[in-house]
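Numbers for residues simply follow the sequence, beginning at 1.
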Amino acid sequence: MQIQQIRERLRALGAKPTHEQRVLRDWLQARPYDHGRRRPKDFLPQPVRDALPEIDAELRGMARLLSAHPADDGSSRLLVGLADDQTAESVLLPRGGLCVSSQLGCAVGCRFCMTGRDGLLRQLTSGEILAQVALARTQRAVKKVVFMGMGEPAHNLDNVMEAIELLGTEGNVGHKNLVFSTVGDPRVFERLPQGPVKPALALSLHTTKPELRQHLLPRAPRLTPKELVDLSEAYGRSTDYPVQYQWTLLEGVNDGADELHGIVALLKGKFAVLNMIPYNTNPGLPFQRPSWDKARGIARWLHQRGVLTKLRDSAAQEVDGGCGQLRARAEALKPQAVTLRRM
């Protein structure tokens, strides 16, 4: 369900823009319609009030909680059921954050990521993206939303931008607390400055070497790391939000001295922060997580040389919750259809 469809349905019932905003705001903020001073009976048109239970059921039916996997770090991975019985993942993060998915699967095919192993299955609608936020808010407060879950947001740009706009207006999320993550599709740098809500930008960098980046991210746009940093820097300066560069630290792949010197050459003096995340081991993938001591030493070395580096741990490590793993396990447990052939 697209948000535009919800708006059109409300308008057909006689809703004005202020009535649409009220219905969408209450749903997205997971609060009852009869809260506050403006009660539905005093504010909403009668046809809208009559249809509210059905509309509310449809809104809530876009995302339902199938299972929650809390971790000791305060995060909780959520397996979310969609209306067509597909499943997506969201992650409640410490300090009021939420990571949402924008696609089922992913077409980029990053070699270290579980999500892209089966390619892109389908896009999530703007309603399904926002429904993850509404669902998460039934569990705890959400003050920040990051588009870093399953999928490449740039490949579902219309739906993601519509979701970001509503979160930044009716969703009570500050614009700096909306984070658009991408591998670097050129369309992102064209579209983000045009929207009424301009989110912070997170760029998945992972290496300073063009050839290695093409290998690790085989279907990412063929822009070099320097070209990506130049485009990102321009957007960060225009919004006054520092760019977040994401670096999944892979043992023996992108943790050598040559990469560290490359990072300094690329990011020193930039309006940016480098988020270095030791790899969350996925069964069946040929990558290893470096030791925490090694990762800490790398972050310290970079910081001393003028690159603001934050060492982050991927949420819910101890529940084996790397992005895409919950969905993969759930799909594996589904009964498989058997086709019988006539003899």
Side-chain angles (χ1 to χ4, degrees), residues 1-64 80 82-83 90 96 98 100-102 123-138 141-147 153-154 156-180 187-188 190-200 238-241:
M1 184 182 292
Q2 307 287 356
I3 293 302
Q4 185 59 33
Q5 291 175 301
I6 301 169
R7 293 186 185 278
E8 289 172 358
R9 182 172 178 186
L10 288 168
R11 289 169 194 169
L13 294 168
K16 304 297 183 185
T18 55
H19 303 137
E20 293 174 32
Q21 292 167 1
R22 172 63 182 271
V23 172
L24 292 170
R25 186 185 309 135
D26 287 344
W27 164 62
L28 195 50
Q29 297 189 30
R31 61 191 189 188
Y33 290 117
D34 61 354
H35 78 99
R37 291 178 295 176
R38 275 187 162 181
R39 307 287 171 159
K41 66 179 182 179
D42 302 323
F43 180 62
L44 295 178
Q46 185 66 50
V48 175
R49 298 203 303 269
D50 293 341
L52 265 185
E54 183 180 348
I55 293 173
D56 191 47
E58 290 184 11
L59 289 170
R60 295 180 186 279
M62 283 193 289
R64 63 191 188 282
V80 178
L82 306 176
S90 305
L98 175 70
V100 298
S101 294
S102 58
Q123 308 286 11
L124 294 186
T125 68
S126 55
E128 288 172 323
I129 295 169
L130 291 165
Q132 295 173 66
V133 180
L135 176 63
R137 280 175 161 165
T138 66
V142 171
K143 301 176 183 177
K144 180 176 183 177
V145 178
V146 299
F147 289 77
N156 191 15
L157 201 49
D158 288 342
N159 284 306
V160 170
M161 293 302 292
E162 187 174 25
I164 284 174
E165 181 174 344
L166 200 62
L167 286 169
T169 52
E170 309 306 330
N172 195 31
V173 182
H175 297 188
K176 289 185 180 181
N177 287 328
L178 292 164
V179 183
F180 186 106
R187 291 171 295 182
V188 170
E190 296 172 6
R191 286 285 299 276
L192 290 194
Q194 298 173 6
V197 176
K198 296 174 178 59
S238 71
T239 59
D240 205 26
Y241 309 159

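One distance of note links CG of Leu178 with NZ of Lys144; it measures 10.0 Å at 0.5 Å rounding. Residue Leu24 holds its CG atom at 8.5 Å from CG of Leu130, rounded to the nearest 0.5 Å. Once rounded to the nearest 0.5 Å, the distance linking OG1 of Thr18 with CZ of Phe43 reads 4.0 Å. How far CG of Leu135 is from CZ of Arg60: 10.0 Å, rounded to the nearest 0.5 Å. Going from atom CE of Met62 over to atom CD of Gln132 covers 10.5 Å, rounded to the nearest 0.5 Å. From Leu157, atom CG reaches atom CZ of Phe180 across 5.0 Å, with rounding to the nearest 0.5 Å.
Scored by the side chain to side chain contact (heavy atoms under 4.5 Å, CB included) test, Arg31 finds Arg25, Asp26, Gln29, His35 as partners (sequence neighbours excluded). Residues forming a ring-ring contact (aromatic ring centres under 6.0 Å, His included) with His175 (at least two apart in sequence, or on another chain): none. With sequence neighbours left out, the side chain to side chain contact (heavy atoms under 4.5 Å, CB included) criterion links Ala15 to Leu10, His19, Glu20, Val48. Partners of Gln2 under the side chain to side chain contact (heavy atoms under 4.5 Å, CB included) rule, at least two apart in sequence or in another chain, are Gln5, Thr125, Ser126, Asn159, Glu162. The side chain to side chain donor-acceptor pair (under 3.5 Å) test applied to Arg137 returns no partner, not counting sequence neighbours. For Thr169, the side chain to side chain contact (heavy atoms under 4.5 Å, CB included) partners are Leu166, Val197, not counting sequence neighbours.
Closest heavy-atom contact between Ala136 and Val142: CB-CG2, 4.1 Å. Of all non-hydrogen atoms in Ala134 and Ala30, the two that sit nearest each other are O-CB, 3.8 Å. Considering every non-hydrogen atom in both Ala63 and Val80, the closest pair reads CB-CG1, 3.6 Å. When all heavy atoms of Leu28 and Gly171 are compared, the closest pair comes out as CD2-CA, 3.6 Å.
The shortest distance between side-chain heavy atoms of Leu124 and Val100 does not fall below 4.5 Å. For the pair Asn156/Ile129, a side-chain contact is recorded, criterion being any heavy-atom separation below 4.5 Å from C-beta on. Side-chain contact between Leu13 and Ile55 is present, with heavy atoms from C-beta onward closer than 4.5 Å. Val188 has its side chain within reach of Leu192: a pair of non-hydrogen atoms, C-beta onward, lies under 4.5 Å apart.
A salt bridge links Asp158 with Arg191; the closest basic N to acidic carboxylate O contact falls under 4.0 Å.
Proximity of a side-chain donor or acceptor of Arg64 to a complementary backbone N or O of Leu82 within less than 3.5 Å is detected. In this structure a side-chain-to-backbone donor-acceptor pair under 3.5 Å is missing from Glu165 to Pro196.
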